[in-house]
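First the structure, in the form of structure tokens, and then the observations on it.
Throughout, residue positions are numbered sequentially from 1 according to the sequence presented.
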Amino acid sequence: MIYTIVRNGFLALRRDRGALILSFILPIAFFTIFGIVFGGMRATGTPRVSVLVVDEDRSPVSERLVRSLQHDPALLVSTRPEAKPGARKDEPVAPDYTADTAESAVKQGVAPVALIIPNGFGANPIAFGPATDREVISILQDSSDPVAAQVVAGMLQKAVMTSLPDTMAEVGMKFFDRASGGLTRQQRQSVESGISMFRDQLQRRDQQGGEPSASSDASGFVAVAIRDVVGEKKRSPMISFYAAGIGVMFLLFTASGAGASLLDEAESGALDRILSARVSMTTLLAGKLAYCTLLASTQLAIMFLWGAAVFHLDLFSHLPGFFVMTAATSFAVASFGMLLASLSRTRAQLAAIATLIILTMSAVGGSMFPRFLMPEMMKKIGLLTFNAWAIDGYTKVFWRDEPVSHLAPQVAVLVGSGIVLFLIARLFARKWEYA
């Protein structure tokens, strides 16, 4: 009897496609996604950090430091804005970043970090022990990416060791001279001769296009000051990110559940009676779409109001952007719910398919794991989801304090995809008209 019970259980599982998907396909899908994210990071190394570099000093020392940063495989260095797509080759090249333009670029989300090498850095770039007469390199960060600035600061210290070894030797000997009570004239001449030979070797290496050799990590050779330029006055800096990410994920579940009413009406025969009462399928779907959109908007509004009341989310000073993003996101997820309902035959099938697709979209789109920590391939795949576009839009509103006009790309994608999905849902809904 135990064998018979086990056999019947597996036969029932094979017939229940929803349970089969949740038991085997969903775990494999999640394992694949997180395997690509974390396994890809281990195979290809830590994702490169984009950094804008401004060289105000323009000295040989600072130029060598910039070249070393450009050769670092962990950094993606830009010294001037990239050319716009489709730009002609004869168009003038954009000027190099300045401290002001680099700060504005970080605020706009072009890069999470900017590094400013101040004027006078080359005269006294490094120091051993306490020193107050050296120039301080500024790192401007967008604190929504808490990792980038620390990575850049560490790579900067490494670049100093690999690109300025002659300067380190000279400063080190001066420090030793002061600490030891003074070198003899012969010892000082010997040291200066060795440093001169060292500089000649570095110049020959630079002329041949060689890269700095690897060296062990170190810190404190150059003075660094990290300053937040985005979110420095936010009381709860990451609340808007999580509110958008979690909110969109549950909106998708809400929309699929609301769309399931079509399947209930079809199974009970109510759908036939509705269609026979001079109500077209297009009108019925449009009404369902309007209901799902209002329901999703209400759900998002309640979530952000809770965030404002409990976590001090600055909601009321960003109401125009919030309304625009909420309307666009709600319309997109409502259309998605209509499409899932029109593709499914039963509520059980809809639940299984919706769970698989929604959780996968949420994992790839950034609702479960920040996209800035994902490999480049996963970032591009994430742009195929509502989650990524909605999170980017809400980030512009609540984090970067950007005007409503800057939401055009996110709104266009969400509204455009919502229209396309609704039209596809209308096409598949023809099955109920001819049933």
Euclidean distance, L284 CG relative to L289 CG, rounded to 0.5 Å: 11.0 Å

Side chain to side chain, L65 and L156, heavy atoms closer than 4.5 Å: yes

Over all atoms of both residues, closest heavy-atom pair of A388 and G382: CB-O, 3.1 Å

Side-chain (D57) to main-chain (I117) donor-acceptor, under 3.5 angstrom: no

Nearest heavy-atom neighbours spanning V248 and A390: CG2-CB, 3.6 Å

Beyond-backbone contact of W399 with D142, side-chain heavy atoms, under 4.5 angstrom: yes

Point-to-point distance, once rounded to the nearest 0.5 Å, from CD1 of I358 to OG1 of T385: 12.5 Å

Separation of F121 CZ from D55 CG (nearest 0.5 Å): 9.0 Å

Side chain R371, main chain G366, donor-acceptor under 3.5 Å: no

Non-hydrogen side-chain atoms of L252 and N387 separated by less than 4.5 Å: yes

T329 vs L251, side chain to side chain contact (heavy atoms under 4.5 Å, CB included): CA-CA, chis, key distance, verdict: CA-CA 9 Å; T329 303; L251 282 190; 4.2 Å; yes

Within-4.5 Å side-chain heavy-atom neighbours: M325 and L414: yes

Side chain proximity check, Q70 to T79, heavy atoms < 4.5 angstrom: yes

Parallel, tilted or perpendicular: rings of F336 and F386 (30°, 60°): perpendicular

Evaluation steps, side chain to side chain contact (heavy atoms under 4.5 Å, CB included), between S261 and K288: CA-CA 9 Å; S261 62; K288 297 284 187 182; 3.0 Å; yes

Test item: S335 side-chain N/O and F331 main-chain N/O as donor-acceptor pair under 3.5 Å: yes

S367 side chain reached by I391 side chain, heavy atoms, under 4.5 Å: yes

Shortest non-hydrogen contact from Q141 toward A149: OE1-CB, 3.1 Å

D264 side chain reached by R347 side chain, heavy atoms, under 4.5 Å: yes

Side-chain (S344) to main-chain (L340) donor-acceptor, under 3.5 angstrom: yes

Sole residue of Q410, E402, H406 in side chain to side chain donor-acceptor pair (under 3.5 Å) with K396: Q410

Donor-acceptor pair, side chain of S330 and main chain of T326, under 3.5 angstrom: yes

Spacing of CE belonging to M368 relative to OG1 belonging to T360, to within rounding of 0.5 Å: 8.5 Å

Closest approach of P95 to P81 (non-hydrogen atoms, all atoms of both residues): O-CD, 3.3 Å

Verdict with reasoning, L285 to L262, per side chain to side chain contact (heavy atoms under 4.5 Å, CB included): CA-CA 9 Å; L285 285 180; L262 279 170; 3.6 Å; yes

Main-chain N/O of E265 paired to S268 side chain as donor or acceptor, under 3.5 Å: yes

M303 CE to Y242 OH distance, which is reported to the nearest 0.5 Å: 14.0 Å

Flag, side chain of W389 to backbone of V411, donor-acceptor distance under 3.5 Å: no

F253 and F250 aromatic ring geometry - parallel, tilted or perpendicular at 30°/60° bounds: tilted

Pairwise side-chain contact, T282 with R426, heavy-atom cut-off 4.5 Å (strictly under): yes

Geometric class of the F398/F304 ring pair [parallel <30°, tilted 30-60°, perpendicular >60°]: parallel

Taking every non-hydrogen atom, the tightest pair across A328 and V415: CB-CG2, 4.0 Å

Criterion side chain to side chain contact (heavy atoms under 4.5 Å, CB included) on D401 and K107, from CA distance to verdict: CA-CA 9 Å; D401 298 324; K107 291 181 178 180; over 6 Å; no

Minimal non-hydrogen separation, W432 against A266, with atom names: NE1-CB, 3.6 Å

Rounded distance [0.5 Å steps], OH in Y97 versus CG in L115: 14.0 Å

